[in-house]
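What follows is a single structure, written as structure tokens, with notes after it.
Counting from 1, the numbers follow the sequence of the chain as shown. Computed from heavy atoms alone, side chains included, the values below leave out hydrogens, waters and symmetry copies.
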Amino acid sequence: MVATQAIITTPLLKIADPDFDQNRVADYHLLIEIGNERFRFCVLDDSSRRILTLEDYSVDTQITHQSLLSWMQAVVQAHPYLGMTSWKNVTISFNTPHFTLVPDAYFRKEYAESYFNLVRG
């Protein structure tokens, strides 16, 4: 647990706009990216279309999926505003090598899983 605490308190990158007010999270969008090596999030002010905060954490590449979940829960619990439930909107994306781009003219929602199966093999 000591290593987890070190990661929680020392993100690789932490940037905050002076206009960010954590008491106004109901006005902001929370954007989260989860990957095998990184956990990142930023806060977007919808009215100004500005990123108000950005934090980037490194994830131990030897960590199991269950340990990753526990680590992320610890990050959220220790963070001053990340775990708040009153966000205007929360978007989670997964950073993975498995992706595809399908032009609008050919995209059909009902085939979405098939598109990904082609990429995964």
Side-chain angles (χ1 to χ4, degrees):
M1 192 61 141
V2 174
T4 301
Q5 288 299 323
I7 293 171
I8 290 171
T9 58
T10 55
L12 296 175
L13 175 70
K14 183 176 182 175
I15 301 171
D17 187 304
D19 292 338
F20 175 67
D21 180 357
Q22 71 183 45
N23 297 315
R24 292 186 48 219
V25 296
D27 298 330
Y28 303 141
H29 295 273
L30 175 63
L31 307 165
I32 299 172
E33 178 187 299
I34 302 169
N36 288 334
E37 299 175 358
R38 298 295 245 262
F39 172 71
R40 298 176 176 134
F41 71 89
C42 67
V43 175
L44 173 69
D45 181 356
D46 198 30
S47 62
S48 66
R49 302 301 294 169
R50 287 184 10 211
I51 299 294
L52 297 176
T53 66
L54 171 67
E55 291 190 28
D56 183 9
Y57 295 83
S58 178
V59 175
D60 182 356
T61 57
Q62 303 301 315
I63 198 168
T64 65
H65 287 137
Q66 186 59 41
S67 296
L68 177 61
L69 179 60
S70 297
W71 177 80
M72 287 176 44
Q73 288 171 333
V75 170
V76 170
Q77 289 173 355
H79 200 275
Y81 56 85
L82 186 57
M84 291 182 173
T85 59
S86 57
W87 294 95
K88 183 175 185 177
N89 189 22
V90 177
T91 301
I92 300 174
S93 62
F94 297 93
N95 189 337
T96 174
H98 303 292
F99 71 94
T100 187
L101 297 174
V102 180
D104 284 341
Y106 299 107
F107 181 78
R108 299 291 179 268
K109 186 176 182 177
E110 61 271 18
Y111 298 131
E113 186 174 342
S114 297
Y115 301 144
F116 285 115
N117 286 335
L118 288 171
V119 175
R120 287 189 303 214

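- With rounding to the nearest 0.5 Å, the separation of OG in S86 from CZ in R24 is 12.0 Å.
- To the nearest 0.5 Å, the span separating CG on L44 from CZ on R49 amounts to 5.0 Å.
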Please test D56 against K14 for salt bridge (charged side-chain N to carboxylate O under 4.0 Å, His left out), starting from the C-alpha separation and ending with a verdict.
CA-CA 7 Å; D56 183 9; K14 183 176 182 175; over 6 Å; no
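- Sparse packing is recorded around CG of N36, with 12 or fewer heavy atoms of other residues, nucleotides or ligands lying under 6.0 Å away.
- Atom-to-atom distance recorded for I15:CD1 and L54:CG is 5.0 Å, nearest 0.5 angstrom.
- Annotation: Y81 is not in aromatic contact with Y28 [ring centroid separation under 6.0 Å not met].
- Separation of atoms CD1 (I32) and CG (L82) is listed at 5.5 Å; rounding is to 0.5 Å.
- Under the 4.5 Å side-chain heavy-atom criterion for Ile, Leu, Val, Met, Phe, Trp and Tyr, L30 and I34 are members of the same hydrophobic cluster.
- Atom CD of Q73 has more than 12 heavy atoms from other residues, nucleotides or ligands within 6.0 Å.
- Of all heavy-atom pairs spanning V102 and Y106, the tightest one is CG1-C, 4.0 Å.
- Both F94 and F39 are part of a single hydrophobic cluster, where members link through side-chain heavy atoms under 4.5 Å apart.
- F41 and H79 have perpendicular rings, their planes meeting at more than 60° on a 0 to 90° scale where under 30° would count as parallel.
- The cluster map of Ile, Leu, Val, Met, Phe, Trp and Tyr, joined by side-chain heavy atoms under 4.5 Å apart, puts L13 and V75 in different clusters.
- Rounded to the nearest 0.5 Å, atoms CG (L52) and CG (D21) are 10.0 Å apart.
- Taken together through direct or relayed side-chain contacts under 4.5 Å among Ile, Leu, Val, Met, Phe, Trp and Tyr, V43 and L31 form parts of separate hydrophobic clusters.
- Salt bridge annotation for K88-D27: absent, with no cationic side-chain nitrogen under 4.0 angstrom from a carboxylate oxygen.
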Let's go through F20 and Q22 carefully: what are the C-alpha distance in whole Å and the side-chain angles of both, what is the deciding distance for side chain to side chain contact (heavy atoms under 4.5 Å, CB included) to 0.1 Å, and is it a yes or a no?
CA-CA 6 Å; F20 175 67; Q22 71 183 45; 3.8 Å; yes
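- With hydrogens and angles left out, the side-chain atoms of Y57 and E55 include a donor and acceptor closer than 3.5 Å.
- Annotation: F107, atom CZ; neighbour count of heavy atoms from other residues, nucleotides and ligands within 6.0 Å is above 12.
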Begin from the C-alpha positions of S114 and N117 and carry the test side chain to side chain donor-acceptor pair (under 3.5 Å) through to its verdict.
CA-CA 5 Å; S114 297; N117 286 335; 5.2 Å; no
Run the numbers on D17 and R50 for side chain to side chain contact (heavy atoms under 4.5 Å, CB included), then give the verdict.
CA-CA 9 Å; D17 187 304; R50 287 184 10 211; 2.6 Å; yes
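- E37 places none of its side-chain heavy atoms less than 4.5 Å from the side chain of S58.
- Note on I51: it does not cluster hydrophobically with V90, by side-chain heavy-atom contacts below 4.5 Å among ILVMFWY residues.
- In this structure, OH on Y115 lies 12.5 Å from NZ on K109, to the nearest 0.5 angstrom.
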